[in-house]
Amino acid sequence: MSFDSLGLSAEILRAVSEQGYTEPTPVQRQAIPVVLEGKDILAGAQTGTGKTAGFTLPLLQLLSQQAQGKGHRPIRALVLTPTRELAAQVAESIETYGKHLPLRSTVVFGGVKINPQIEKLRHGVDILVATPGRLLDHAQQKTVDLSHVEFLVLDEADRMLDMGFIHDIRKVLALLPSARQNLLFSATYSQEIKTLADKLLNAPVLIEVARRNTAAETVEQRVYRVDRERKRELLSFLVGSRNWRQVLVFTRTKHGANRLAQQLEKDGLSAAAIHGNKSQGARTRALAGFKQGDIRVLVATDIAARGLDIDQLPHVVNFELPNVPEDYVHRIGRTGRAGREGEAISLVCVDENRLLRDIERLLKRELPSEILPGYEPDPSIKPEPIKNGRNGGGDRGRGRAQQQAPRRRNTGQKTATAPEQPGARRKRSAPAAAKSGNEAPRSQNSRPQRPAAKGQQQSAPSEANGNRRAPQRRRQRATLLGG
DNA sequence: AAAAAAG
């Protein structure tokens with residue numbers, strides 16, 4: 001099935017094919033014709049399913065079909081997103097697919113100067129992408145007029161509700177004409193979402209492509225048990241010894257993200273942190289640097305757990321498990337997108353046993369757990385409740401290891417060499433690159449070597465029996481992504 | 001309890 005049969009105009013199809021896309025994803029196949037018919041939709045698509053194009057393509061089409069007046073152009077389509085990064089991405093998608101159409105669009109979000117935004121709005125745009133806070137700011141200043149909006153898109157609506165945007169959304173709704181077409185996208189269906197959908201949508205067509213709370217099947221998930229204070233060392237070792245081109249690493253706190261990025265730089269890895277306390281400029285730079293390949297390790301809080309679309313991202317590492325199990329699903333969704341293979345590794349210390357259990361309960365399966373030679377957890381370290389705040393996720397707290405020594409094995413885990421349980425998927429053994437025996441790699445000599453070049457040599461014999469693994473680098477993109 | 005979003 002190709003894009004041609006979805007009822008899109010030649011200009012849009014041209015832009016799509018110029019991006020190298022040939023085949024619509026399931027959500028696009030379902031959503032595009034329905035939106036073109038003028039119906040409201042409630043779509044349960046997660047990021048990575050191509051849902052952004054699922055609404056931008058038909059929206060562009062509908063807007064371009066209607067004649068535009070020569071003079072003042074009112075905003076006819078409004079897209080709301082929870083984060084600034086997502087807003088920027090959606091706006092980019094609109095630019096890309098609308099480039100052969102005489103439509104204008106712009107994006108407004110906080111953290112950047114408001115005046116250039118006012119300038120663009122005054123100039124007149126057909127499509128506006130926005131985060132709620134800055135949009136209301138504009139509304140109060142009367143620098144935006146929403147009284148002619150015909151199409152409303154709420155992207156990642158569940159996330160917006162989680163972030164407490166419901167009041168802002170209500171205020172925005174009050175500024176819109178009541179006759180309009182509404183598109184609501186949400187990865188999950190909570191009661192709140194249902195309530196919002198009831199209020200917002202008229203006879204919506206339900207579109208469900210990705211099942212709730214299931215990780216993409218192409219993502220290989222594994223857990224490495226390791227002591228908290230050795231996580232950083234293990235991470236650097238993994239990046240170097242497995243020759244990862246790029247990796248997205250999640251921490252629980254902003255402070256932890258900063259600290260880890262600094263430490264990785266000291267290990268000789270180009271790294272940057274991205275979180276909500278960084279200036280918008282720093283956030284944009286970090287993301288751009290990562291997308292360009294200048295930055296090898298991007299350390300992020302859950303700001304990046306949803307909605308970020310980084311092309312060809314093969315590895316995600318949970319440096320710390322998320323407090324909320326659902327966020328695990330969103331985090332690992334950053335890899336293995338649109339049917340490509342990906343790998344999600346969680347570095348788990350004893351303090352996180354409970355978080356791991358919660359995640360496994362949500363996934364309804366046990367994650368394969370391994371111990372890498374040289375990184376065996378110290379059995380004398382007892383679980384401590386996870387503190388939130390400054391000391392929460394770091395490399396402090398040494399010293400307690402020496403104190404008490406109740407020899408208790410950690411439960412429910414297998415070492416890399418232990419026999420697998422019947423029926424369990426066979427796992428690769430620990431990397432050959434790791435030192436054999438019990439000798440722990442010193443942080444000095446385990447320091448990752450810089451990659452020789454951007455082209456990959458496959459990383460060593462550790463891949464030998466990893467026959468499920470795809471080559472790390474692939475270039476063809478047959479499906480249309482975009483958040 | 002942390003994170004995001006308005007300044």
Side-chain angles (χ1 to χ4, degrees), chain A residues 47 78-91 107-118 121 128-144 154-172 175 186-188 192 248-260 273-284 286-287 298-308 318-331 334 351-352 354-355 358-359 384-394 483:
Chain A
T47 52
L78 174 65
V79 183
L80 287 183
T81 72
T83 67
R84 300 167 183 172
E85 277 74 14
L86 188 56
Q89 264 174 221
V90 171
V107 56
V108 302
F109 50 71
V112 295
K113 286 188 202 149
I114 199 167
N115 282 340
Q117 295 177 353
I118 294 174
L121 289 170
L128 177 62
V129 185
T131 51
R134 180 56 70 89
L135 180 66
L136 287 173
D137 199 349
H138 280 286
Q140 268 168 14
Q141 297 189 40
K142 306 243 187 273
T143 50
V144 71
L154 294 187
D155 198 8
E156 311 249 351
D158 50 345
R159 183 62 157 173
M160 286 201 264
L161 297 189
D162 287 350
M163 287 164 62
F165 281 158
I166 185 63
H167 298 296
D168 287 352
I169 291 172
R170 287 222 183 88
K171 282 185 205 160
V172 172
L175 300 170
S186 177
T188 57
E192 288 91 338
L248 176 61
V249 177
F250 285 102
T251 60
R252 266 179 42 253
T253 65
K254 303 173 195 175
H255 186 64
N258 281 340
R259 194 173 40 198
L260 180 60
I274 183 167
H275 55 69
N277 276 5
K278 290 259 183 189
S279 72
Q280 191 54 41
R283 279 161 62 165
T284 307
L287 201 56
L298 185 64
V299 187
T301 59
D302 281 319
I303 188 179
R306 301 203 198 193
L308 281 198
N318 288 309
F319 192 78
E320 292 147 334
L321 291 179
N323 295 323
V324 180
E326 283 79 6
D327 282 342
Y328 174 87
V329 179
H330 292 295
R331 286 180 175 189
R334 298 309 92 210
D351 300 348
E352 297 170 300
R354 188 198 163 90
L355 294 175
D358 292 346
I359 289 165
E384 278 192 8
I386 291 174
K387 296 187 206 84
N388 288 303
R390 309 182 56 77
N391 295 345

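Below, all heavy atoms of this structure are taken into account, side chains as well, without hydrogens, waters or symmetry copies. In what follows, every chain begins at residue 1, and chains take the letters A, B, ... in the order their sequences are listed.
The CG atom of A/L321 sits 15 Å away from the P atom of B/dA3 (whole-angstrom rounding). Here B/dA1 presents its C1' atom at 12 Å from CG of A/D302, a figure rounded to the nearest Å. Taking atom CG on A/L161 and atom P on B/dA4, their separation rounds to 18 Å, with Å as the unit. Following rounding to the nearest Å, A/L80 (CG) and B/dA5 (P) show an atom-to-atom distance of 14 Å. Rounded to whole Å, atom P of B/dA6 lies 10 Å from atom CD1 of A/I114. Rounding to whole angstrom units, CD1 of residue A/I303 and P of B/dA4 are separated by 5 Å. Between the C1' atom of B/dA5 and the CD1 atom of A/I166 lies a distance of 15 Å, rounded to the nearest Å.
When all heavy atoms are compared, the tightest approach of A/K254 to A/N277 is NZ-OD1, 2.8 Å.
Using a 4.5 Å heavy-atom cutoff, the side chains of A/P132 and A/M160 are in contact.
Across B/dA1, B/dA6, B/dA5, the shortest atom-to-atom separation from the side chain of A/T83 is found for B/dA5. Comparing atom distances between the A/E85 side chain and each of B/dA2, B/dA5, B/dA6 picks out B/dA5 as nearest. Nearest nucleotide to the A/F109 side chain, out of B/dA3, B/dA6, B/dA4: B/dA6. Closest approach to the A/F165 side chain among B/dA4, B/dA2, B/dA5 is made by B/dA5 (side chain taken as heavy atoms from C-beta onward).
One finds a side-chain N or O of A/R283 lying less than 4.0 angstrom from the OP1 or OP2 phosphate oxygen of B/dA5. For B/dA4, the OP1/OP2 oxygens have a side-chain nitrogen or oxygen of A/T301 closer than 4.0 Å. An OP1 or OP2 oxygen of B/dA5 is reached within less than 4.0 angstrom by a side-chain nitrogen or oxygen of A/R84.
A donor-acceptor distance shorter than 3.5 angstrom exists from the side chain of A/R84 to the backbone of A/G110, with no hydrogens or angles considered.
Residue contacts shown for A/G111 are limited to sugar-phosphate atoms, with no base heavy atom under 4.0 Å away.
With hydrogens and angles left out, the side-chain atoms of A/H275 and A/N258 include a donor and acceptor closer than 3.5 Å.
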